[in-house]
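First listed ligand is number 1; within each ligand, the first listed atom is number 1.
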Amino acid sequence: MREFEYVQATDVSQAVAAVTGDPATSYLAGGTTQIDLMKDGVLGPDRLIDITRLPLRGITRSDGAIRIGALTTMEELAADLTIMERLPVVREALLLGASTQLRNMATIGGNLLQRTRCRYFRDITCACNKREPGSGCSALEGFHRMHAILGTSEHCIATHGSDLAVALVALDAIVHVRGLNGERAIPLTEFYVVPGDTPQVENVLAHGELITAVEVLLLPEDARSGYLKVRDRVSYEFALVSAAVALVMEDGVIREGRIGLGGVATLPWRAYRAEEVLRGRPAQTDTFQAAAEAALEGATPHRDNAFKVELAKRTVVRALSTTAGEDS
Ligand code: FAD
Ligand code: SF4
């Protein structure tokens, strides 16, 4: 690992100024992504600004919403009473991610900004447009069983690894950020960008903008929600496919449905078309199957990951059936 300077920030404005003013300076939160990538030589900042002492940790509930400080850990959020009672999809997504040790270190802001697990991105001997723009994409002709089938481009097919973001994107969460010119609020559905011909650009943040909090509106009291994650082994593994769903039903008819997909797309994917299919229809298997078909419309699988299309449809059906209380 290259030598770097370590600075502990005590003030939000100073931290933002320090990172914004220098492209070779980065934030350090729990370090579970950042330090890994530095050890692998993928990232090589000259200076790290440790933000973990900033007053951005904790969860507050106001009327109808919950505000999560960016430095709250994954484990703290999963243990929050409001999350347990009103947003089980968030708790399940958190607890099905990483390991207890990691979740005790990893922060919510860092989770949203974690980098892809594409093995070629993490191996600096391989061509990778995301790491080194214009160098090529080793995954296209390489081993791409874990890669994306939605939102891809000819330049990158890497998936986004966050489970939490899949749940939050389905819930229309808002990301609050602080930059040199003040604060702004960004809907999570507009936060990430597909790779296109610039896979190195993953979100709309400018260098130095600091995530300060994430805000989520609570679902109606009678809503149901859940997260289903399908993976190669039962714990400590990223998703092959995952689905975050929320349903508001009345007399067996779906008033509102939300669906987020993970493991299949280049960003935490919101399945809007599938949600339209659900609206006003009975909560039963044929409705869920029609929604699953709509969710995977336009999928572009490659040689090794074609199985994900059918797996994703079945995951959506199972997640909706379980959440609705139907047999799948
Ligand atoms: P850091 O590593 O400190 O930072 C990550 C990035 O975000 C850095 O670029 C940093 O500069 C930037 N950053 C951090 N905080 C802020 C902020 N507030 N504002 C602006 N920039 C910021 N995740 C899952 O969702 N599901 C899994 O199954 C899963 N499994 C994992 C298994 C392993 C073995 C490992 C190592 C990780 C796994 N993860 C998984 C990823 C893990 O959740 C993330 O590494 C973690 O959430 C990142 O948070 P952090 O606080 O450690 O971020
Ligand atoms: Fe790099 Fe994306 Fe190709 Fe992976 S899929 S090698 S991250 S360009």
Side-chain angles (χ1 to χ4, degrees), residues 9 12 15-16 19 25-38 42-43 45 48-52 54 56-57 69-75 77 93-99 101-123 126-144 146-148 152-167 175-179 195 198-200 202-203 205-214 229 231 235-239 242 262-263 266 268 302:
V12 170
V16 170
V19 178
T25 297
S26 300
Y27 293 119
L28 176 69
T32 61
T33 287
Q34 182 71 30
I35 300 295
D36 264 11
L37 291 173
M38 288 168 65
V42 176
L43 300 177
L48 282 184
I49 307 292
D50 181 346
I51 55 175
T52 52
L54 297 179
L56 301 174
R57 188 167 181 169
L71 293 170
T72 307
T73 67
M74 291 171 71
E75 202 62 22
L77 184 58
L94 285 163
L95 294 181
L96 290 171
S99 63
Q101 290 93 331
L102 282 160
R103 293 194 300 266
N104 275 316
M105 287 296 292
T107 64
I108 300 311
N111 185 289
L112 298 184
L113 293 174
Q114 66 177 277
R115 308 298 301 278
T116 180
R117 308 305 290 194
C118 173
R119 59 163 63 179
Y120 304 105
F121 172 72
R122 286 171 182 254
D123 180 346
C126 296
C128 170
N129 287 324
K130 191 184 276 299
R131 180 170 26 79
E132 200 182 328
S135 63
C137 171
S138 301
L140 286 172
E141 294 305 323
F143 187 70
H144 49 243
M146 296 291 289
H147 285 67
T152 59
S153 77
E154 58 182 314
H155 302 287
C156 182
I157 56 170
T159 51
H160 193 279
S162 170
D163 291 294
L164 173 65
V166 175
V175 183
H176 292 270
V177 305
R178 174 90 166 261
T198 53
Q200 73 278 16
E202 297 179 348
N203 57 58
L205 288 187
H207 179 73
E209 277 191 304
L210 178 75
I211 298 182
T212 53
V214 176
K229 181 173 180 179
R231 46 192 164 167
S235 72
Y236 202 37
E237 183 55 285
F238 287 87
S242 69
T266 50
H302 286 75

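When each of Leu94, Thr107, Asn104 is paired with Met74, the side-chain contact (heavy atoms from CB on, under 4.5 Å) condition holds for Leu94 and for no other. Each of Leu71, Ile211, Leu56 was checked for a side-chain contact (heavy atoms from CB on, under 4.5 Å) with Ile51, and the lone residue meeting it is Leu71.
Taking 2.8 Å as the threshold, Cys118 counts as a candidate ligand of atom 4 (Fe) of ligand 2, since one of its N, O or S atoms lies below it.
The shortest side-chain heavy-atom distance between His160 and Thr116 does not fall under the 4.5 Å cut-off. For the pair Tyr27 and Val16, the minimum side-chain heavy-atom distance is below 4.5 Å. The shortest distance between side-chain heavy atoms of Arg122 and Arg117 falls below 4.5 Å. Residues Thr52 and Leu28 are not in side-chain contact: their nearest non-hydrogen atoms beyond the backbone lie 4.5 Å or more apart. Two residues are said to be in side-chain contact when any heavy atoms from C-beta on lie closer than 4.5 Å; His144 and Ile157 meet this criterion. Contact check for Asn203 versus Leu113: side-chain heavy atoms found under the 4.5 Å cut-off. In this structure the side chain of Ser26 never reaches within 4.5 angstrom of the side chain of Leu43, judged on heavy atoms. Within the 4.5 Å cutoff, side-chain heavy atoms of Met38 are placed close to those of Pro45.
Across all their heavy atoms, Phe238 and Lys229 have their closest contact at C-CE, 3.9 Å. Closest heavy-atom contact between Arg178 and Val12: NH1-CG1, 3.5 Å. What you find for Ala106 and Thr32 is that their closest heavy atoms are CB-OG1, 4.0 Å. What you find for Cys156 and Lys130 is that their closest heavy atoms are SG-CE, 4.0 Å. The nearest pair of heavy atoms linking Leu112 to Ala165 is CD2-CB, 3.9 Å. For the pair Phe143 and Tyr120, the tightest heavy-atom approach, listed with the atom from each and the gap, is N-OH, 2.7 Å.
On a distance-only criterion, Thr32 and ligand 1 share at least one N/O pair closer than 3.5 Å. When only interatomic distances are considered, the shortest N/O to N/O separation between Lys229 and ligand 1 falls below 3.5 Å. Any N or O atom pair closer than 3.5 Å counts here, and Leu28 shares no such pair with ligand 1. At a 3.5 angstrom cut-off on N or O pairs, Gly30 counts as close to ligand 1. In terms of N/O distances under 3.5 Å, ligand 1 is not approached by Arg117. Checking only distances, Tyr236 never comes within under 3.5 Å of ligand 1, N or O to N or O. Distances between N or O atoms of Ala29 and those of ligand 1 include at least one value under 3.5 Å.
Atoms of ligand 2 lying under 4.0 Å from any heavy atom of His155, numbered from 1 in the order shown and given with element: 8 (S). Taking every heavy atom of Leu102 and a limit of under 4.0 angstrom, the matching atoms of ligand 1 come to 32 (C), 33 (C), 34 (C), 35 (C), 36 (C). Near Phe121, meaning under 4.0 Å from any of its heavy atoms, are these atoms of ligand 2: 7 (S). Residue-ligand proximity, Tyr27 to ligand 1, at heavy-atom distances under 4.0 Å covers atoms 10 (C), 11 (O), 20 (C), 21 (N). Each of the atoms 26 (N), 27 (C), 28 (O) of ligand 1 lies under 4.0 Å from some heavy atom of Gly97. Within the listing of ligand 1, atoms 43 (O), 47 (O) sit less than 4.0 angstrom from a heavy atom of Met74. Close contacts between ligand 1 and Ile51 involve ligand atoms 15 (N), 16 (C), 17 (C), 18 (N) [criterion: under 4.0 Å to a heavy atom]. Ligand-side atoms of ligand 2 in range of Asn129: 1 (Fe), 8 (S), range being under 4.0 angstrom from any heavy atom. Atoms of ligand 1 lying under 4.0 Å from any heavy atom of Thr107, numbered from 1 in the order shown and given with element: 47 (O), 49 (O), 50 (P), 51 (O). Of all atoms in ligand 1, listed by their number and element, those nearer than 4.0 Å to a heavy atom of Ser162 are 25 (O).
If you check each of Asp36, Leu164, Leu113 against atom 20 (C) of ligand 1, the one with the closest non-hydrogen atom is Leu113. Across the listed options Gly31, Ala98, Gly110, Gly31 owns the non-hydrogen atom lying nearest to atom 3 (O) of ligand 1. Across the listed options Cys126, Ser135, Cys137, Cys137 owns the non-hydrogen atom lying nearest to atom 3 (Fe) of ligand 2.
Ligand 1 lies out of reach of Thr73, whose nearest heavy atom is not under 4.0 Å from it. Put simply, no part of Arg231 is less than 4.0 Å from ligand 1, judged by heavy atoms.
In Glu154, the CD atom is not crowded: 12 or fewer heavy atoms of neighbouring residues, nucleotides or ligands sit closer than 6.0 Å.
Residue contacts with ligand 1, taken as heavy atom pairs separated by less than 4.0 Å, do not involve Leu205 at all. The residue Gln101 has no part lying near ligand 1, judged by heavy-atom distances below 4.0 Å. Within the 4.0 Å heavy-atom criterion, neither part of Arg115 lies near ligand 1. Residue contacts with ligand 1, taken as heavy atom pairs separated by less than 4.0 Å, do not involve Leu56 at all. Contacts of Gln114 with ligand 1, taken as heavy-atom pairs under 4.0 Å, involve the side chain alone. Contact annotation for Arg103 and ligand 1: no heavy atom of the residue comes within less than 4.0 Å of the ligand. Contacts with ligand 1 closer than 4.0 Å are made by no heavy atom of Ile35, backbone or side chain.
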Start with the C-alpha distance between Leu77 and Ile108, add both sets of side-chain angles, then the distance that settles side chain to side chain contact (heavy atoms under 4.5 Å, CB included), and finish with yes or no.
CA-CA 8 Å; Leu77 184 58; Ile108 300 311; 3.7 Å; yes
Passes salt bridge (Lys or Arg N to Asp or Glu O under 4.0 Å), Arg231 versus Glu237? Steps please.
CA-CA 7 Å; Arg231 46 192 164 167; Glu237 183 55 285; over 6 Å; no
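Looking at atom 6 (S) of ligand 2, its nearest protein heavy atom turns out to be Tyr120 CB, 3.5 Å. Atom 7 (S) of ligand 2 has its closest protein heavy atom at Cys128 SG, 3.6 Å. If you check which protein heavy atom lies closest to atom 5 (S) of ligand 2, you get Ile157 N, 3.3 Å. Ranking protein heavy atoms by distance to atom 2 (Fe) of ligand 2, first place goes to Cys156 SG, 2.4 Å.
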